[in-house]
Number of protein chains: 2
Amino acid sequence: MAVTIKTIAEELGVSYATVSRALNDHPDVNDDTKKRVIEKANEMGYQPNAIARGLVNKETKTIGLVIPDITNPFFPQVARGVEEAAATAGYNIFLCNSNWNKDREEHYVNALLQKQVDGLIITPSSEDLGHLKKLLKSKIKAVFISSFIPMENYTSVIVDNVLGTEKAVDHLIEKGYKKIAFIGAGEERFANKERLKGYKKALAKHNIKVRDEFITSVKRSYDQESGYELMKKILTRFDKSKLPDAVICYNDLLALGTIQAIKEAELRVPEDIAVIGFDDISFSSLSEIKLTTVAQPKYEMGKLALETLVEKIKSNSDKEFKSQIILTPELKIRKTT
Amino acid sequence: MAVTIKTIAEELGVSYATVSRALNDHPDVNDDTKKRVIEKANEMGYQPNAIARGLVNKETKTIGLVIPDITNPFFPQVARGVEEAAATAGYNIFLCNSNWNKDREEHYVNALLQKQVDGLIITPSSEDLGHLKKLLKSKIKAVFISSFIPMENYTSVIVDNVLGTEKAVDHLIEKGYKKIAFIGAGEERFANKERLKGYKKALAKHNIKVRDEFITSVKRSYDQESGYELMKKILTRFDKSKLPDAVICYNDLLALGTIQAIKEAELRVPEDIAVIGFDDISFSSLSEIKLTTVAQPKYEMGKLALETLVEKIKSNSDKEFKSQIILTPELKIRKTT
DNA sequence: CTGAAAGCGCTAACAC
DNA sequence: GTGTTAGCGCTTTCAG
């Protein structure tokens, strides 16, 4: 049996209400008894039961964080931002990894709801939020990362995706590339749509016709392997002379895979084909890689998400919140362009 | 007000015990009422309150996972193993990132204890467990990863570190390298001690004298930057002719940094200096990197840790558990040796 | 300043 | 099969 407030009350011959008060540093309590209680508590190794406390207070001081791929360094970086901000705000994080799987995501969101988290930060695995209806019904405070949910009460922390790919295309064209392909992440992803929009917008600006056969998408897992395989297909699909001379990838992982495929085909990066990624994960800056990429402020995004979530939690009123917090991406020009 | 078991009992005109039974699929309940209850529950969007349930049942179906650096891809991989095993066992994970900081680690462990997690998986930031005394006192079920705590009741999931570096040295010597340096992670780390032991053991086996000046350590953060800086120092400390011709690093991140430093000094890897890492993070196999490294079965380690933890939780008896589960590392020979 | 008592939402005897 | 009740550990009125 763990030591509870009651045990220590008995030891001291006071009521357990007093103990509770003393431990919570309540003003109305004799300094002396307070001291005695605290001493005893330490002596007995008392640990408050947060579960019981949560039942009474209706707040658990924990927030749920649902990400789709802990294996993509982008997300650990975001998670660190969330977590450190949480630590300073006095919250703990439930970190769940959906693996881009809707069912798992739904399962986690439900579990989190049942565990009475005070709020939720989520990068949904899909823009179709049907599986999250309980979330939406539950009126829980939530903020989204990298995904825009056009609904009141929710705010999204995102990067200006359109601007990101626009910068990428501008840079490519300035460097003389003309046949620019886009390796995306599936039509349904919000960020993908936006990045594609920026791509097309920039091409139009430079009077370059959008070529549908230059726009492709991997499905589900946005990792090196997918990038590798898709690029390989592209490499065989076109005559050598008709190949794109540059490709913009949805993220760095995809870009890394793309580069592998290009090199394997005995082509050079960037001389034959230039490659640009998105995210700027730490490995992209290694001297062997030096991937040109559109950097997202990952840590800040996590931090901001948590801070606005906490604000929302604390303002129990119907205060208005921005529905989007848009950060500016930065093009890091390295050696693959 | 959220909908509770009581609300739906009132709606249906039954006692709330019945509702509880129906919802928990208890045998002693009329099939018909069960159906009615479940329907009503869905209709009203009922979500059980896991907090209340935990208070009664004295189990929360959640386990805490404390890792030191979510930014090192080794740990996300372990975390995935833990999490997926947890999902199939019906547990949720509290993921905490201590950032190699003892205070934060202590803070997290306490928070986790207060939140009544059913068990703990932890890679301590330090072998000196003083800051975790509450953990040790609390008799909570725990398993350690990558760190051996010689105490009954605790089990550690580790890799055979001695064997790992032994293999590395053997390989190097076979390749003709003789002046092998070791870039470690501080004396106090268990895994570091073991890896150093393997290094010395293997050198002895090959009749090569251990040279203290070839054994160095980074402190605190075991990342690329630390590796880079330390190697840079080594490169300036020795005359060109007296430089090591190979270096074994405590982990892949350090090795990546080491390689940067070597190349920056206009030396070649592996011709001038060979480099071996430890872990085999996914980026090490990129064609631009191709780091020779001692691979750890990261995912399996996480999975195993969780599974034995769950076993421990379920066996409330004083059943004996192995104090160490030792997996075998595998040397992946690539291009840096 | 301190104690008694209610109640958070749920489960599990114990009756009926 | 179903209702009643106690109680998990804690906070918080409400009295005194």
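- Heavy atoms of Asp28(A) sit under 4.0 angstrom from at least one base atom.
- Side-chain atoms of Glu105(A) and Ser125(A) include a donor-acceptor pair closer than 3.5 Å.
- Atoms NZ (Lys61(B)) and P (dC10(C)) sit 18 Å apart, rounded to a whole Å.
- Distances were taken from every side-chain heavy atom of Val56(B) (C-beta onward) to each of dG9(C), dG3(D), dT11(D); the shortest belongs to dG9(C).
- Between Gln47(A) atom CD and dC8(D) atom P the separation is 20 Å, expressed in whole Å.
- Rounded to whole angstrom, the span from the CG atom of Leu113(A) across to the C1' atom of dG9(C) amounts to 16 Å.
- A cation-pi arrangement is found for Lys312(A) relative to Phe321(A), the charged atom lying closer than 6.0 Å to the ring centre and inside a 45° cone about the ring normal.
- Of the candidates dT12(D), dT11(C), dT2(D), the closest approach to any side-chain atom of Asn57(B) belongs to dT11(C).
- We find that CG of Asn24(B) is positioned 16 Å from C1' of dT2(D), with the value rounded to whole Å.
- The closest side-chain heavy-atom distance from Pro124(B) to Phe144(B) is below 4.5 Å.
- Separating the OH atom of Tyr16(B) from the C1' atom of dT4(D) is a distance of 8 Å, rounded to the nearest angstrom.
- Between Ser15(B) and dG3(D) there is a side-chain polar atom (N or O) within less than 4.0 angstrom of OP1 or OP2.
- Residue Ser20(A) places none of its side-chain N or O atoms closer than 4.0 Å to OP1 or OP2 of dC10(D).
- His26(A) places its NE2 atom 8 Å from the P atom of dT12(D), with the value rounded to the nearest Å.
- Here Asn30(B) lies in heavy-atom contact (under 4.0 Å) with sugar-phosphate atoms only.
- Side-chain nitrogen and oxygen atoms of Tyr46(B) include at least one within less than 4.0 Å of the OP1 or OP2 phosphate oxygen of dC10(C).
- Place Leu55(B) and Arg21(B) on DNA chain C by their nearest nucleotides, and Leu55(B) ends up nearer the 5' end.
- Taking the centre and axis of the six-membered ring of Tyr16(A), the NZ or CZ atom of Lys6(A) falls inside the cone set by 45° and 6.0 Å.
- A donor-acceptor contact under 3.5 angstrom links the side chains of Asn92(A) and Lys115(B), judged on distance only.
- Taking only side-chain nitrogens and oxygens, Thr33(B) comes nearer than 4.0 Å to OP1 or OP2 of dT2(D).
- As a whole-Å value, the separation of Glu10(B) CD from dG9(C) P is 12 Å.
- Atom-to-atom, CD of Gln116(B) to P of dG9(C) comes out at 19 Å; the value is rounded to the nearest Å.
- For Lys58(A) and dT11(D), the shortest distance from a side-chain N or O to OP1 or OP2 is not below 4.0 Å.
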